[in-house]
Enquirer: 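Pasting a structure below so you can have a look.
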Amino acid sequence: MTSMFDQYEQASQRSKQVYTPPIRPDISTAGFIQMKFLDDGPIFIKQKVNFLPPDKILHLVVNNNIIVIAMANNLLLRIDMKHPDSPEEIDISKYAMNMEMSRMFLDPLGNHLLISLVPKSQDPPNPPPELFYLHRKTTKLKQAGKFKGHEITAIGWNFSNSSETTTGPILLGTSKGLIFETEIGLDGDKIFNTSLEQYWRQLPNYLPLYGAKEVEGLVFDIGKDSKPPITGLEFHKIPNTDKYVIIVTTLMRIYQYIGTVQNPEEKPLLQQIFNKYLNVQESFNEVINNLPYSKIQFYYPSLGILPKSFGWLTEPGIFYAQIDPKIDPKSVLTNQQMLICPEASLMGINTSQTSTPPLSFVLTEFHALLLYTDRVKGMSLLNQDLIFEDIYNDAVGGLLNITKDYATRSIWAYSERAVFKYKVNKEDRNVWQIYVDKGEFELAKQYCKDNPAHIDQVLVKQAEMLFKNKEYEKSALIYADTHSSFEVISLKFLQEWQIDALKTFLKKKLEGLKTQDKTQITMIVVWVIELFMNQMGVLRSNNTSYLHDPQYLELQKQFDSFLAIPKVEECIKRNRSTIYDLMASHGDKDNLIRLTIMHCNYEEVIRQHLYKNNYLDALEVLKSQNNKELFYQFAGILLQELPRPAMTALISQGSLLKPSKLLPALVSCNSDEKHAKEVIRYLEFCVYKQSCQEQAIHNFLLSLYARYKRDEVMRYISSQGQDINMVHYDVHYALRLCQEVGLTEACVQLSALLGLWTTAVDLALTINVDLAKQIAAMPSDHDDELRKKLWLKIAEHVVREKDDIQQAMEFLQHCDIVRIEDILPFFSDFVTIDHFKDAICNSLQEYNQHIQDLKEEMQEATKAAELIRKDIQEFRTRCTFINTKDTCNTCGVQLLLRPFYVFPCGHRFHSDCLVAALTPMLSMDQRTKLADLQRQLTALSNKPEDTRSVRSVSLSTKDQIKADIDDLIASECLYCGELMIESIDKPFIEEEDYERVMKEWI
């Protein structure tokens, strides 16, 4: 049963009900049915924590499910929410003599707690302020002695730190506007402070203002002269950069320090950022604040990433901004605004208490929870509306503070006598409506969460706003996506006489219709055509040269595009007579003819034009249609009558046409040079532009070149290359063609391509010697005999035909396979030896060198033969010892029990084991031969012995069979031979045995 206290608490909570607007009456039956069975409840749900403090609560901090509560009796209570029944009590009385706790700070992971103590009385003598440290795994406070005398009022925790033993570099702000950097942790029972011990440094800029002891560890001084207390301090590393941003607040100012850390190992780390601000006039945002405090809060989507938004509570309200480091290099705070805290109450009461500024606040994604002494208010950050109010009774005492767990994002409020927890419940449920009211429709769509009813309402509001702003085209596009009444929206555009917008609306509606919605499709198509006809009719009546009017041409383009829509084409086919009558009634003959052509038999239309000798009209119709088969059908007659325009039309089709199907038409119209040149133009387009590889096309082009453009034959042959497997024409046909027309040079190249080297050289010699040399150099370097034959033919021609001894000698220098003795027979008997003296001497020297090389090779071969004989002799005397304990390497049974083989490598096998293991590795022929030999050996072994002569013959045959078997199975070791290497890719387990073997292994 609910207690009276709980009933009172529930009654004291007020949440502003935001109702979803009802479904509009103009939505058709295909719209939505609005049904809501369950109430979502308030956005913030309060839960009273089952905790009765032994004394008044002074402070409470929470992070990562670790709660630390400080009470007036100098007792710290540390609670792990995962084990709430085992709290830890820590007595700090001995540290707090004549002192009182001013603040507690807990790091985001809940491991490190810092406690700031200040003297209870300001009357001297009074002890100086002190800072104490408490680790999560200890119950003893440790004094941070270097901070003695400084009241710590704010701490910038290191959100990148994941260590349980140390805080990492952190910033500490004091009541005098000083900022320190340090690193605190525990080493056993002793506190260590890396900054204090290792990299505290003095800044000369401040030595005139402070004593040397005061500025140890100081990295910056906010006030310098006024010394304002620091009320908020945070720093973050900007992801994927070396930049850091530091945000500092005082009672009336907010500072931003942005810079790059060049050396991450340098200590103090953030001194590198503050350095550039030492001698520069600081920039800040300032407000008038008469309160003795100010608070800052950040909203983190999740721990470990850059916060999304920022809030700073002062007397005027909450200075709120989004955090984006990419927009301005000097500031990460964007979309800055001052949110005025609501003074009224959801209960309709405006008391003095509620009109005072909040004591504290926390940020969620879309709301701010404001803490007053007697209540908690929830304010929307988007429109500053008060959406939640929770009034506390006097039994729990005055509220002290509200805080948020960075890790779990739970919200905690506490008074002197109680602790409360708030749970955020679907806080983005009504965000879409707020964005709609603000006119931010894209954001509203994002937060509709794919709710079709909400998205529809957003689209309607957006369309209405665009219509009101006279952006009719955009409004029509959005209206078409809604479920608004078709008739109502159409009338809206007709009343404003926005025909273009109406057409846009109708076409977009047409896109959303399904194929089976034939009635609606027909209605819209006929209406749109009617609208186009009216617009085009007005332009035709007002302008006789309408065909050159840009407005009319654009309208015609839009109309053609509309007619090309598949749904429209299908609708016109179903209602052809109706559409034709509609166009005829408007007198639009051009579009009527175009539509007739669009839906008629093009073949028949072209035939009619050809019958009337209207070849140009026939060609235009042929070009305007998409049936490529008609090109093949009518290309012949059109090429005869209009060779150049028809060929240009064929070329414009590009790869859409297959040249081989056009070949009959092309062959039929090359009767004269005029037509042949056009055919050549198309064939060249196919070969050089379209990379056609069909042999018939290439042969046809080559034949036309040979008849009409002989100069192009060699260029074409050269472009095809010298590899007979890569050319696209028939080489034999080309050779015969070139022989018929007397193209000798082409015959030379084609003969060489066919491998008719002798014929090619003979033909080349009829042209010039240089060409013959080029042909003789083409055969492969491995075919020296053929090359020598060709070069000798050229040499004979040079010597006998030209009788030029000097040229013959130069010929020998260019050819490395023909020598002087090869060409001597070609010279006459009257030539003196003086002309060949140098060549003969060089040849004799080469022969002498060759003889010497042969002698050296013979000596090396003799030495190698001697070594082989020696190895053979040593091998004959080699023996292997078999021990009685030796076993077969295959079966593991004693070797001497059965016939066996022993290999030089040391492996030993029984004969039958070796045969069984080796048989699967043999080829089919080898297996058959082995089986046959074994059968013969068995037959001879079982044959009875009759006479000695027969026995000797049988033994001789048996030895031969054994030798043959040995050649098959014992020529190499099973493990060391090539068979084992060749079988390396074979699986250990055959596929058919896989399941059986796996079951045995399991």
Enquirer: If you count heavy atoms of other groups shown closer than 6.0 angstrom to NZ of Lys507, is the number above 12?
Expert: yes
Enquirer: Between atom CE of Met533 and atom CD1 of Ile529, what is the distance when rounded to the nearest 0.5 Å?
Expert: 7.5 Å
Enquirer: Are the side chains of Leu662 and Leu650 in contact, using a 4.5 Å heavy-atom criterion?
Expert: yes
Enquirer: Between Phe486 and Trp527, how do the two ring planes meet: parallel, tilted or perpendicular, split at 30° and 60°?
Expert: perpendicular
Enquirer: Has the side chain of Asp324 got a donor or acceptor atom that lies under 3.5 Å from a matching backbone atom of Lys326?
Expert: yes
Enquirer: How about Glu530 and His586: does a side-chain donor come under 3.5 Å of a side-chain acceptor?
Expert: yes
Enquirer: If only atom types and distance count, is the side chain of Asn425 paired as donor or acceptor with the main-chain N or O of Pro42 below 3.5 Å?
Expert: yes
Enquirer: With a 4.5 Å heavy-atom cut-off, do Glu678 and Leu639 have their side chains touching?
Expert: no
Enquirer: For the residue pair Lys474 / Gln462, report whether a side-chain donor-acceptor contact shorter than 3.5 Å exists.
Expert: no
Enquirer: Checking side-chain polar atoms at under 3.5 Å, does His728 have a donor or acceptor matched by the opposite partner on Gln720?
Expert: yes
Enquirer: Establish, from distance only, whether the side-chain atoms of Arg681 and Thr648 form a donor-acceptor pair under 3.5 Å.
Expert: yes
Enquirer: Within a 6.0 Å radius of atom NZ on Lys508, are there more than 12 heavy atoms belonging to other residues, nucleotides or ligands?
Expert: yes
Enquirer: Just wondering, more than 12 heavy atoms not from Gln551 lying within 6.0 Å of its CD?
Expert: no
Enquirer: Heavy atoms, side chains only, cut-off 4.5 Å: are Leu363 and Leu381 in contact?
Expert: yes
Enquirer: To the nearest 0.5 angstrom, please state how far the OG atom of Ser475 sits from the CG atom of Leu459.
Expert: 11.0 Å
Enquirer: Indicate whether any N or O donor in one side chain lies under 3.5 Å from an N or O acceptor in the other, for His367 and Glu427.
Expert: yes
Enquirer: Nearest heavy-atom pair of Leu370 and Pro342: which atoms, and what distance?
Expert: CD1-CD, 3.9 Å
Enquirer: How many angstroms lie between atom CG of Leu510 and atom CE of Met523, to the nearest 0.5 angstrom?
Expert: 10.0 Å
Enquirer: For the residue pair Lys445 / Tyr435, report whether a side-chain donor-acceptor contact shorter than 3.5 Å exists.
Expert: no
Enquirer: Calculate, to the nearest 0.5 Å, the distance between atoms CD and OH belonging to Gln640 and Tyr615 respectively.
Expert: 10.5 Å
Enquirer: Testing the 3.5 Å rule here: is there a donor-acceptor pair between the side chains of Asn285 and Gln336?
Expert: yes
Enquirer: Under a 4.5 Å cut-off applied to non-hydrogen side-chain atoms, are Gln625 and Leu630 in contact?
Expert: yes
Enquirer: Do His698 and Tyr716 have a side chain donor and acceptor closer than 3.5 Å?
Expert: yes
Enquirer: Could you state the interatomic distance from NZ (Lys573) to CD1 (Ile579), rounded to the nearest 0.5 Å?
Expert: 14.0 Å
Enquirer: Is it true that Lys518 and Glu570 have a side-chain N and a carboxylate O under 4.0 angstrom from each other?
Expert: no
Enquirer: Mind checking the CH2-CD1 spacing from Trp432 to Ile455? Nearest 0.5 Å is all I need.
Expert: 10.0 Å
Enquirer: Angle class for the Tyr479/Phe493 ring planes (parallel below 30°, perpendicular above 60°, tilted otherwise)?
Expert: perpendicular
Enquirer: Quick one: does Asp581's side chain have a donor or acceptor within less than 3.5 Å of a partner on Thr578's backbone?
Expert: no
Enquirer: Please determine if Glu554 and Lys557 form a salt bridge, counting it only when a charged side-chain N lies under 4.0 Å from a carboxylate O.
Expert: no
Enquirer: Could you check whether any side-chain heavy atom of Asp428 comes within less than 4.5 Å of a side-chain heavy atom of Phe366, counting everything from C-beta outward?
Expert: yes
Enquirer: Give a yes or no answer on whether the side chain of Asp456 reaches the backbone of Pro452 with a donor-acceptor pair at less than 3.5 Å.
Expert: no
Enquirer: Decide if the gap between the ring center of Phe310 and the ring center of Tyr299 is smaller than 6.0 angstrom.
Expert: no
Enquirer: Compare all side-chain heavy atoms of Arg429 with those of Ile43 and state whether any distance is below 4.5 angstrom.
Expert: yes
Enquirer: Return yes if a side-chain donor-acceptor contact under 3.5 Å exists between Asp560 and Gln556, otherwise no.
Expert: yes
Enquirer: Do Asp328 side-chain atoms and Lys330 backbone N/O form a donor-acceptor pair below 3.5 Å?
Expert: yes
Enquirer: Going by distance alone, is a donor N or O of one side chain under 3.5 Å from an acceptor N or O of the other, for Ser380 and Asn383?
Expert: yes
Enquirer: Kindly check if the number of other-residue, nucleotide or ligand heavy atoms within 6.0 Å of NZ (Lys623) is above 12?
Expert: yes
Enquirer: Do Glu673 and Lys677 meet the salt-bridge criterion of a basic N to acidic O distance under 4.0 Å?
Expert: yes
Enquirer: Can you check whether Phe467 reaches Glu496 side chain to side chain, under 4.5 Å on heavy atoms?
Expert: yes
Enquirer: For Lys674, does the NZ atom sit with more than 12 other heavy atoms under 6.0 Å from it, leaving out its own atoms?
Expert: no
Enquirer: Give a yes or no on this: more than 12 heavy atoms of other residues, nucleotides or ligands lie within 6.0 Å of atom NZ of Lys438.
Expert: yes
Enquirer: Identify the two heavy atoms, one from Leu663 and one from Ala696, that lie closest to each other, and give their separation to 0.1 Å.
Expert: CD2-CB, 3.7 Å
Enquirer: Give the ring-plane orientation class for Phe562 versus Phe559, where under 30° counts as parallel, over 60° as perpendicular and anything between as tilted.
Expert: parallel
Enquirer: Under 3.5 Å, is there a donor on one side chain and an acceptor on the other for Glu684 and Tyr705?
Expert: yes
Enquirer: Heavy atoms, side chains only, cut-off 4.5 Å: are Cys669 and Val679 in contact?
Expert: yes
Enquirer: Check whether the side chains of Thr334 and Gln322 place a donor and an acceptor atom closer than 3.5 Å, and report yes or no.
Expert: no
